[in-house]
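One structure is given here, and the rest of the page talks about it.
Owing to the predicted nature of the structure, the values given are computational and were not obtained by experimental measurement.
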Amino acid sequence: MRGKRMEGLVPEMDVSALDMQARREILLRSPVPATMVRMADALFAAGKGLDAVRLVLEVASHQLNDWRFSVAAATALLRYTVRYDIVEALLRNVHRHRPDDVLAQVLHAYVQLMKGDVGGGLALFSALMRRCFDERAMICEYMSMALLRIGQPEQTLACLQSYLESGPMTAAILNNLGCALERLNRSAEAIPWYERALALEAGRPEISFGYANTLLKAGRLHEAWPLYFERALSVMDGTAWYLSLPRLRPGNDVAGRRIILFQEQGLGDTIQFIRFVSDLLAKGAEVTILVPRPLVRLLAQSYPGVSVHETGWIGEKERYDYGMPIPDLPYVAGVMSMQEIPAPIPYLRADPGDVARFAAMLPARRPRIGLVWAGERREGAADVLADQRRSTTLAALGAAVTPVDAVLVSLQFGAPRGEIAGWMGQAVCDPMVGVRDMADTAAIVANLDLVISVDTSPLHLAGAMGCPVWLISRWDACWRWGDAGDRSPWYPAMRLFRAQERSFAPVLGAVGAAVRDWSGRWHAAEADGNDPQPVGPARGTGLAR
């Protein structure tokens with residue numbers, strides 16, 4: 001959501017719109033646990049997670065004799081963070097005052113699962129289900145959410161199906177069953193469960209968003225986009241001036257209109273969807289794009305007819321007719337099926353001077369293969385767990401793809417890049433030390449013959465540039481890659497390698513065998529006097545011809 005999709009639901013909490021100072025004053029003057037949670041929700045939604053944690057802990061520390069605040073604080077922290085140490089301290093305070101509180105015991109079992117004690121956590125949940133008959137639905141909601149978050153959809157499905165034989169049905173339980181099926185790449189089967197959940201709670205936004213994502217994964221874009229459009233936006237600054245602009249919708253006349261497109265969700269989402277800005281330009285719109293600094297130069301050089309600024313740029317609201325989050329672009333462009341995704345690629349381009357500069361840093365020998373083994377490390381609870389599912393290590397990827405008769409080039413960013421220092425295998429060239437932004441990364445990609453990556457932004461960049469790219473997809477594939485298949489209409493030069501289990505080991509073995517075959521064919525073509533430079537992967541082998 002970044003993760004903006006919940007992997008299971010807990011009982012719903014409303015969101016407040018009060019400012020920070022007002023929250024603190026109200027809570028310290030007239031403390032109410034539910035109000036504290038609503039205020040924390042609002043801060044997290046506005047991208048102010050640290051402020052939310054501080055507020056919750058400040059209020060809870062002033063109310064240690066009221067166990068209700070410790071339970072509420074623990075619940076809020078579990079929704080958004082992985083600070084299980086703080087949660088356990090809060091739950092110990094609850095136990096001192098109210099040792100038989102069911103919700104506190106449920107949260108304790110939940111934390112055990114999240115910390116990796118699956119057997120212990122499930123034993124606690126099972127005991128609670130037997131002992132607290134009237135609370136079975138709430139207990140099952142938390143248990144199924146925990147199992148989903150730690151990557152156990154099979155067990156989630158089995159538990160929920162067993163529960164539904166005799167337990168009371170709730171929207172959260174139906175949602176979590178749909179979520180488990182979607183995680184198992186059985187999206188068509190998941191859809192009716194989401195629909196049943198919405199029949200019980202039509203206004204619950206998390207369920208609608210999960211339903212929209214599942215429809216997208218099933219390829220039913222015409223049904224998905226209107227629901228996806230209604231999502232709670234995930235932006236870094238929930239108070240940004242452009243959020244108060246009228247939101248561009250399908251059917252609005254854009255000729256001669258000034259439109260602001262702004263970053264929402266991750267860098268990969270922006271790279272995937274920005275291709276549709278051409279539709280607005282073709283219809284006569286004047287477009288301004290606001291994105292994080294790493295994307296500014298790349299988009300400016302790829303779309304010279306567009307004004308591109310860094311997020312946080314202060315513009316004049318009165319100058320603009322519409323605002324729109326970038327992931328809305330395919331919906332507004334009228335792309336209602338996978339077959340309608342526009343084919344023209346590349347749509348992102350590297351600067352020729354930058355390409356030459358990085359070419360001088362790379363070994364002359366070909367072919368060159370770029371590697372990305374981990375995604376961006378984030379802080380939100382759902383994002384941290386999703387990143388654990390999508391990422392591997394250089395040690396694991398390197399062992400799988402080497403030795404190979406090719407130059408290995410790191411495209412890895414962030415903290416995982418430090419793993420190169422401890423890598424003892426085939427040499428990995430690391431030009432990322434000289435990278436300032438995604439425009440520089442694009443210049444490196446322009447010098448490569450193949451990119452192998454987990455599901456993160458350099459993967460999208462390579463696809464958008466038309467570079468042959470292999471995706472190592474986690475077993476619970478993101479909606480954009482569908483339930484099955486080794487190709488994607490989003491990026492014609494992409495080949496998908498899908499993990500079939502939580503371990504990456506088998507799929508990495510398949511990638512290793514394929515890349516050695518690819519390298520052999522590349523060198524054979526070169527020896528025959530043919531041009532070995534890749535223009536796209538051949539079906540079934542990934543061979544670039």
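- Between the OG1 atom of T288 and the CD1 atom of I260 there is a distance of 5.5 Å, given to the nearest 0.5 Å.
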* To do: Decide side chain to side chain contact (heavy atoms under 4.5 Å, CB included) for I289 and S307; before the verdict, give the C-alpha distance in whole Å, the side-chain angles of both, and the deciding distance to 0.1 Å.
  => CA-CA 6 Å; I289 300 176; S307 177; over 6 Å; no

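- A donor-acceptor pair is defined here as one N or O able to donate and one able to accept, closer than 3.5 Å; no such pair exists between the side chain of H460 and the backbone of D269.
- Residues passing the side-chain contact (heavy atoms from CB on, under 4.5 Å) test with T402 are L408, W423, Q426, sequence neighbours excluded.
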* To do: Apply side chain to side chain contact (heavy atoms under 4.5 Å, CB included) to L461 and L267, showing your working.
  => CA-CA 10 Å; L461 176 62; L267 299 183; over 6 Å; no

* Can you check side chain to side chain contact (heavy atoms under 4.5 Å, CB included) on M438 and S457, steps first, answer last? -> CA-CA 9 Å; M438 292 293 279; S457 55; 4.1 Å; yes

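- Between D476 and K217, no side-chain nitrogen of the basic residue sits less than 4.0 Å from a carboxylate oxygen of the acidic one, so the salt-bridge criterion is not met.
- A donor-acceptor contact shorter than 3.5 Å links the side chain of R502 to the backbone of G151.
- Between the side chains of S187 and E182, no donor N or O sits under 3.5 Å from an acceptor N or O.
- A distance-only check finds no donor-acceptor pair linking the side chain of E310 to the backbone of V291 [under 3.5 Å].
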* To do: Would you please test V296 and D437 for side chain to side chain contact (heavy atoms under 4.5 Å, CB included) and show each step?
  => CA-CA 8 Å; V296 171; D437 54 19; over 6 Å; no

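- Residues forming a ring pair (Phe, Tyr, Trp, His ring centres under 6.0 Å) with W490 (at least two apart in sequence, or on another chain): F273.
- Closest heavy-atom contact between K317 and W241: CA-CZ3, 3.6 Å.
- Within the 4.5 Å cutoff, the side chain of L216 has no heavy atoms near those of the R480 side chain.
- Minimum interatomic distance between P367 and W522 (heavy atoms only, all atoms of both residues): CD-CE3, 3.5 Å.
- Between L245 atom CG and I259 atom CD1 the span is 10.5 Å, to the nearest 0.5 Å.
- Judged by distance alone, with hydrogens and angles left aside, the side-chain atoms of N213 form no donor-acceptor pair with the main-chain N or O of G210 at under 3.5 Å.
- Here the closest heavy-atom approach between residue S410 and residue P431 is recorded as O-CD, 3.6 Å.
- Of all heavy-atom pairs between G466 and A493, the closest is O-CB, 4.0 Å.
- Between M338 atom CE and I341 atom CD1 the span is 4.5 Å, to the nearest 0.5 Å.
- The shortest distance between side-chain heavy atoms of T441 and M432 falls below 4.5 Å.
- Salt bridge present: R417 and D430 bring a charged side-chain N and a carboxylate O closer than 4.0 Å.
- Remark: R297 CZ is packed, more than 12 non-hydrogen atoms of other residues, nucleotides or ligands lying under 6.0 Å away.
- Every residue two or more places apart in sequence or in another chain that forms a ring pair (Phe, Tyr, Trp, His ring centres under 6.0 Å) with W313 is listed here: H309.
- Among all heavy-atom pairs drawn from R149 and M114, the shortest one is CB-CE, 3.7 Å.
- Looking at S391, its side chain does come within 3.5 Å of a backbone N or O of G375 through a donor-acceptor pair.
- In this structure, R349 fails the cation-pi test against Y303, since its NZ or CZ atom is not both closer than 6.0 Å to the six-membered ring centre and inside 45 degrees of the ring normal.
- Not one N or O on the side chain of R368 forms a donor-acceptor pair closer than 3.5 Å with the backbone of V451.
- N447 places a side-chain N or O within donor-acceptor distance of the main-chain N or O of V355, the cut-off being under 3.5 Å.
- Taking 4.5 Å as the limit, every side-chain heavy atom of E264 sits out of range of all side-chain heavy atoms of I326.
- Between the side chains of Y347 and R275, a donor-acceptor pair is found at a separation under 3.5 Å.
- Without hydrogens or angle criteria, Q500 side chain to R498 main chain gives a donor-acceptor distance under 3.5 Å.
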* To do: Check the pair D449 / R366 against salt bridge (Lys or Arg N to Asp or Glu O under 4.0 Å), numbers first and verdict last.
  => CA-CA 8 Å; D449 302 294; R366 307 294 284 253; 2.9 Å; yes

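- Using a 4.5 Å cut-off on side-chain heavy atoms (C-beta onward), V53 and R83 make no contact.
- In this structure, Y84 and L78 have side chains that are in contact, with non-hydrogen atoms separated by less than 4.5 Å.
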* Can you check salt bridge (Lys or Arg N to Asp or Glu O under 4.0 Å) on D405 and R516, steps first, answer last? -> CA-CA 7 Å; D405 189 6; R516 283 185 281 275; over 6 Å; no

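- At a threshold of 4.0 Å, the pair D85-K115 does not count as salt-bridged, since none of the basic side-chain nitrogens sits closer than that to a carboxylate oxygen.
- Taking the six-membered ring where the residue is Trp, the centroids of F209 and Y228 are separated by under 6.0 Å.
- To the nearest 0.5 angstrom, Q152 atom CD is 13.0 Å from S144 atom OG.
- For E419 (side chain) and L394 (main-chain N/O), a donor-acceptor pair under 3.5 Å exists by modelled atom type.
- For the pair R436 and F413, the cation does not sit on the ring face, since its NZ or CZ is not both under 6.0 Å from the ring centre and inside 45° of the axis.
- Within the 4.5 Å cutoff, the side chain of D440 has heavy atoms near those of the R357 side chain.
- Interatomic distance, L295 CG to L290 CG, rounded to the nearest 0.5 Å: 12.0 Å.
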* To do: Before giving the answer on side chain to side chain donor-acceptor pair (under 3.5 Å), spell out for W481 and D455 the whole-Å C-alpha distance, their side-chain angles and the decisive distance to 0.1 Å.
  => CA-CA 10 Å; W481 314 127; D455 193 355; 2.8 Å; yes

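- P330 approaches F276 most closely through the heavy-atom pair CB-CE1, 3.6 Å.
- A side-chain donor-acceptor contact under 3.5 Å links Q263 to the backbone of G266.
- Interatomic distance, C467 SG to I444 CD1, rounded to the nearest 0.5 Å: 12.0 Å.
- Contact of the W373 side chain with the I452 side chain is not registered, since no non-hydrogen atoms from C-beta on lie closer than 4.5 Å.
- Here the side chains of R231 and D328 are in contact, with some heavy-atom distance below 4.5 Å.
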